[in-house]
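Have a look at the structure below, then the notes.
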There are 2 protein chains.
Amino acid sequence: MARTRKISEPKPARAAPLTRDTIVGAAKAVLERDGYDALTMRAVASELGVRAASLYWHVRDKDLLEDWLFGALLDEVTLTVRGADWREDVRAIARQMRGHLMSKRDMQRVSAGRFVLGPPLLRQMEIILGVLRRGGLSNRDAAFGIYTLLNYVNGFVLFQTAPLSAAQAKGAKRGVVFAGLRRQLAALPAATYPNSVALAGDLTSNDPDARFEFGLDLLIEGLERRAKPSHADAWRPASEGLNQES
Amino acid sequence: MARTRKISEPKPARAAPLTRDTIVGAAKAVLERDGYDALTMRAVASELGVRAASLYWHVRDKDLLEDWLFGALLDEVTLTVRGADWREDVRAIARQMRGHLMSKRDMQRVSAGRFVLGPPLLRQMEIILGVLRRGGLSNRDAAFGIYTLLNYVNGFVLFQTAPLSAAQAKGAKRGVVFAGLRRQLAALPAATYPNSVALAGDLTSNDPDARFEFGLDLLIEGLERRAKPSHADAWRPASEGLNQES
DNA sequence: ACCTGAACACCGTTCAAGT
DNA sequence: ACCTGAACACCGTTCAAGT
C-alpha cells in the first residue's frame with residue numbers, strides 16, 4: 001500500500017485524505033492511548049487533524065465506527081492450532097483469544113455485546129469450527145459449541161476486567177479490593193450466610209487464570225463427551241497441572 | 001413502611017423528600033419505560049419532580065446510582081430450589097436468573113461487567129453456594145463454579161439481547177437478521193470458508209433457549225464430575241428432551 | 001467529492017445561593 | 001439539611017457553506 005504523498009501540506013497533521021482505514025487506525029490509537037471513555041468522535045477526528053463533522057462523510061455514526069474497530073482489533077489475533085489433539089487446540093484457541101482480549105486496552109468494552117459477522121470474525125470462526133468438527137462434533141453441537149466458547153471467553157474477560165463496583169474501584173488495586181471483599185464476607189453473620197462465610201477465602205482468591213481454566217475445562221470436557229457416537233475411551237481426568245503452552 | 005403524607009403540596013410531582021429508595025425506584029421506572037439509553041440523571045430527577053442537581057446530595061455519581069439499581073433489580077428475583085437433585089436445582093437457578101434478566105428491560109446492560117457484592121447478590125450467592133456444596137463440590141470448585149455460572153448466564157443474555165451489529169439491527173427483527181446472516185454465510189466461497197458454509201444453517205438457527213441449555217448442560221455435567229470423590233454412578237446422558245419446569 | 005463552521009439538543013457534574 | 005439556578009465542559013449529529 002505505497003501511497004504517493006504531496007510534500008507541500010499546510011497542516012502537518014493532515015497528510016492523506018480520510019479513508020475507512022485511516023479512521024479505524026485513529027480510533028485504535030485513541031483507544032489504546034486514552035481508553036474507551038475517551039473514544040469520542042472529536043478525539044478520533046483530532047487524531048487525524050480534522051474536525052468531527054468530517055468523519056460523517058465516511059461513516060454513518062459512532063456505532064458503525066465501533067463495529068469497524070471491533071473487526072480491526074479482532075483481526076490482530078492469529079489463532080494457531082497444532083492439528084493433533086483437538087481438545088488441546090480448543091484450549092489453545094480460548095487462551096489466545098483471552099490473551100488478545102486482555103492485551104488491547106478496553107477491547108472487551110468494544111466487544112461487549114457486539115457480534116459483527118465480517119471477514120475478521122469469519123476467519124476465526126472458520127478455524128474454530130474446523131477444530132470442533134475435526135473432533136467429531138455434530139453440526140448442531142459445533143455451532144452451539146462455538147457460540148458457547150466465544151460467549152465464555154468474552155464474558156469472562158468482561159467480568160474479570162470490569163470495575164467490581166463504583167464504590168470500590170475508584171483507583172483501588174484489584175488485590176486490595178479482593179482483600180476487602182474477603183473481610184466483608186468473613187464478617188457476615190454466619191447464621192444467615194453460612195456458605196459465604198465458609199467460602200470467603202475461596203471466593204476472593206483472585207486467581208483469574210485458574211478460574212478461567214476451570215470453566216474452560218468444564219466446556220471442553222462437555223464437548224468431548226458429545227464428540228463421536230458415544231464412547232469416551234480416551235478420557236483424561238482433569239488434574240491440577242494443566243498442560244501449558246506459550 | 002407507611003409514610004405520613006402532607007396533603008398541601010405546591011407541585012403535584014413532588015410528594016416526599018428524596019431518599020435512596022425513591023431515587024432507585026425512579027431509575028427503575030425510567031429504565032423500564034424508556035430503556036437504558038434514556039437513563040440519565042435528568043430523567044431520573046424529572047421522574048421525581050426535581051432537578052438533576054438535587055440528586056447529587058443523595059448519591060455520589062451516576063455510576064453509584066447504577067450500582068444501587070443493579071442491586072434493586074437483582075433483589076426482585078427469588079431463586080427457588082427443590083432441595084432434591086442438586087443438578088436440577090442448578091439448572092433451575094440458571095433458568096430463573098436468565099428469565100429474570102430478560103424480563104427486565106435492558107437489565108443486562110446495567111449488569112454487564114457489574115459485580116456489586118451487596119445484600120442482594122449475597123442472598124443469591126448464598127443459595128447457589130448451598131446447592132453446589134450440597135452436591136459435594138469442594139470449596140474451591142464451589143467458588144469457581146458459582147463464578148462460572150453467573151458469568152455464563154450474564155454473558156449469554158448480554159450476547160443474546162445485544163444488537164448483532166450497528167449495520168444490521170437498526171430496527172430489524174431478529175428473525176430476518178438471522179435469515180440474512182444465513183444467506184451471507186451460505187454465499188461465502190466454500191474453498192476458503194468450508195465450515196462456515198457447511199454450518200450456515202446451524203449457525204443461524206436462532207433458538208436461544210436450546211443454545212442456553214446446551215452450554216448449561218456442559219457446565220452442569222462438568223460440575224457433577226467434580227462432585228464427590230470420583231465415581232459417576234448416577235450418570236444420566238444428556239438427551240434431547242430436557243426436563244421442563246415452570 | 002470532501003471538509004469546515006456553526007449550531008442543535010443533549011450529557012454528567014459542580015457550586016454558590018436559596019430555604 | 002436539602003434543593004435550585006446557572007453554569008462548565010463536554011457529547012453525537014446535522015447541515016448549509018465552502019473548495
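In this structure, CG of L18(B) is placed 8 Å from C1' of dC3(D), rounded to the nearest angstrom. Distance D63(A) CG to dC11(D) C1': 15 Å, rounded to the nearest Å. Look at CE on M41(A): it is 17 Å from C1' on dA6(C), rounded to the nearest Å. Whole-Å rounding puts the L55(B) CG to dC11(C) P distance at 13 Å. The distance between atom OH of Y56(B) and atom C1' of dC11(C), rounded to the nearest whole Å, is 9 Å. With rounding to whole Å, R42(B) atom CZ is found 7 Å from dG12(C) atom P. Between the NZ atom of K62(A) and the P atom of dC10(C) there is a distance of 18 Å, given to the nearest Å. Across the protein-nucleic acid pair, D61(B) atom CG and dT14(C) atom C1' stand 13 Å apart, rounded to whole Å.
Taking atom C1' on both dA7(C) and dC11(D), the two are 14 Å apart, rounded to the nearest angstrom.
Base pairing of dT13(C) is made with dA7(D), judged by Watson-Crick or G-U wobble geometry with both donor-acceptor distances under 3.5 Å. Nucleotide dA1(C) is matched to dT19(D) when pairs are restricted to Watson-Crick or G-U wobble geometry with both distances under 3.5 angstrom.
Residues A53(A) and A38(A) each lie close to DNA chain D; by heavy-atom proximity, the contact nearer the 5' end of the strand is made by A38(A).
At a cut-off of 3.5 angstrom, counting only N and O atoms as typed in the model, there is no donor on one side facing an acceptor on the other between the side-chain of R51(B) and the base of dG5(D).
The shortest distance between the side-chain N/O atoms of H58(B) and the OP1/OP2 oxygens of dC3(D) is below 4.0 Å.
Close placement of the Y152(A) and F212(A) rings is indicated, their centers lying within 6.0 Å of each other. With ring centers used as reference points, F115(B) lies 6.0 Å or more from F70(B).
No hydrogens or angles considered: a donor-acceptor pair under 3.5 Å links the side chains of S205(B) and D207(B). A side-chain donor-acceptor contact under 3.5 Å links E66(B) and Y36(B).
Relative to the ring axis of F156(B), R98(B) does not place its NZ or CZ within 45° and under 6.0 Å from the centre.
In the set dC11(C), dC3(D), dC3(C), the nucleotide with an atom closest to the side chain of W57(A) is dC3(C).
Within 4.0 Å of S54(A), counting heavy atoms only, lies at least one base atom of the nucleic acid.
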